[in-house]
Amino acid sequence: MPSEFDLIARHFTRASPGARLGVGDDAALLAPSPGMEIAISTDMLLAGRHFLPDADAEGLGYKTLAVNLSDLAAMGARPRWALLAVALPEADEDWLAAFSHGFFALAGEHGVELVGGDTTRGPLTLCVSILGEVAPGQALTRAGARPGDAVWVSGELGGAALGLAHLRGESRLAEAEAAACVERLEQPTPRIALGQALLGIASAAIDVSDGLLADLGHILERSGVGAELRFDRLPAHPALLTRLPDPLARRCLLAGGDDYELCFTAPSERADDVLAAGRAAGVPVTRIGRIVAGPGLVLRGADGAPITFEARGYDHFAAG
Ligand code: ADP
Ligand code: MG
């Protein structure tokens, strides 16, 4: 039976030249680039709640880091370091090797170094803390949206939620569509380059983890504004396009979680800069509405008539 220390040494210890001291001591030592602010965030994934208990280990390693990177993307921060706390029912070396392979593959893409963590026995739980850098006062927050700003979203929405519906047997998809949607669910792309490209352009930003309406709602609340969205302009995942009259498809588009796109606002005269940021980052960005002074969120159809929609995003406590 390998010891906890064998497991850490074999699966979670890599060179970390960007840290003064990495894995192996009581704490890591980090020196941020001169003059930069640290953005730090943590996210937990529990088997049975955030992923299916039999989820592929390598995919899980990727996704555990991806959801954390997405939070840094939403702040416009450059990722630098991560900490990883793992509770495992047993010391399954094959599982750990696959998990760390997925984790380090994505970490490598973004120059993230794993500098510490904790490893313990228990129900499968994964918790990553991530640290990044951003120029002082430049970070994108949820609080900066102003009336007249345009509302934008990156990429396509609803694919991940449709993938989950497919895995649960709630939706019947063609094989290629199913594969594309499940990939959106299991391998989300954190919009790191876009977040940084939007610094100095966007007025507020959030990553879409709980659904567009819920996450934009957080911007509205923190900014003390309202919004009007155009349903017909929402960039639906291609697998949703032909299904949109269907309530499940609409729920995926408006309230489906796990897409990890960025929803952000920017002064309307910065539209060209936003489009250029999207091109530079290699991800499409779509203008979906505008910020208004009044509170609340109004969704309108192409004819301008309001569309009522009940379901909001996922709330761990409300949903039980
Ligand atoms: P302590 O007893 O001081 O908490 P641990 O024995 O838990 O230390 O961990 C030993 C070293 O290994 C520490 O540097 C810790 O940060 C690191 N570590 C433990 N688990 C992980 C992990 N899953 N990923 C990365 N580093 C880890
Ligand atoms: Mg410990």
Side-chain angles (χ1 to χ4, degrees), residues 1-33 36-73 75 77-133 186-190 192 207 209 258 260 316:
M1 196 69 175
S3 78
E4 172 190 333
F5 305 101
D6 295 333
L7 297 178
I8 296 167
R10 269 203 285 278
H11 302 293
F12 297 118
T13 307
R14 301 281 164 96
S16 51
R20 294 259 169 86
L21 187 60
V23 170
D25 216 303
D26 291 309
L29 296 172
L30 309 174
S33 309
M36 296 298 266
E37 240 165 43
I38 297 286
I40 177 165
S41 171
T42 196
D43 251 315
M44 192 151 70
L45 276 78
L46 274 71
R49 180 153 291 260
H50 299 95
F51 56 89
L52 304 172
D54 61 350
D56 164 66
E58 185 172 348
L60 215 46
Y62 175 101
K63 184 164 176 178
T64 308
L65 181 59
V67 302
N68 280 271
L69 283 169
S70 180
D71 284 322
L72 288 190
M75 302 297 290
R78 178 166 80 96
R80 297 283 318 265
W81 305 287
L83 299 158
L84 169 66
V86 189
L88 280 176
E90 57 185 327
D92 181 340
E93 294 252 18
D94 292 340
W95 192 94
L96 280 167
F99 176 87
S100 69
H101 191 262
F103 183 97
F104 283 114
L106 184 62
E109 275 179 42
H110 293 283
V112 172
E113 296 179 353
L114 184 64
V115 295
D118 202 18
T119 305
T120 183
R121 187 189 290 260
L124 183 57
T125 305
L126 304 160
C127 180
V128 169
S129 298
I130 192 136
L131 296 97
E133 296 183 340
E186 292 179 347
Q187 304 247 301
T189 303
I192 290 291
D207 65 319
S209 54
D258 282 314
Y260 296 99
H316 284 280

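Quick caveat: nothing in here was measured; it's all calculated off a predicted structure. Counting starts at 1 for both ligands and their atoms, in listed order.
Using a 4.5 Å heavy-atom cutoff, the side chains of Arg121 and Glu4 are not in contact. At a threshold of 4.5 Å between non-hydrogen side-chain atoms, the residues Leu124 and Trp95 count as touching. Residues Leu7 and Glu93 meet the side-chain proximity criterion, which asks for heavy atoms closer than 4.5 Å.
Using a 4.0 Å cut-off between heavy atoms, Asp25 contacts ligand 1 through its backbone alone, with no side-chain atom that close.
Set against the non-hydrogen atoms of Asp26, the atoms of ligand 1 under 4.0 Å away are 3 (O). Those atoms of ligand 1 with a heavy atom of Leu114 less than 4.0 angstrom away are 24 (N), 25 (C). Each of the following atoms of ligand 1 lies closer than 4.0 Å to a heavy atom of Phe5: 6 (O). Below 4.0 Å from some heavy atom of Thr119 lie the following atoms of ligand 1, by number and element: 19 (C), 20 (N), 21 (C), 22 (C), 23 (N). Contact atoms of ligand 1 toward Phe12: 22 (C), 23 (N), 24 (N), 25 (C) (distance under 4.0 Å to a heavy atom of the residue).
Ligand 1 has Glu4 within reach: a non-hydrogen atom of the residue lies less than 4.0 Å from it.
For residues 97-114, the pairs satisfying side chain to side chain donor-acceptor pair (under 3.5 Å) are Glu58-His101, with sequence neighbours left out.
Remark: Arg20 does not engage Asp25 in a salt bridge, criterion side-chain N to carboxylate O under 4.0 Å.
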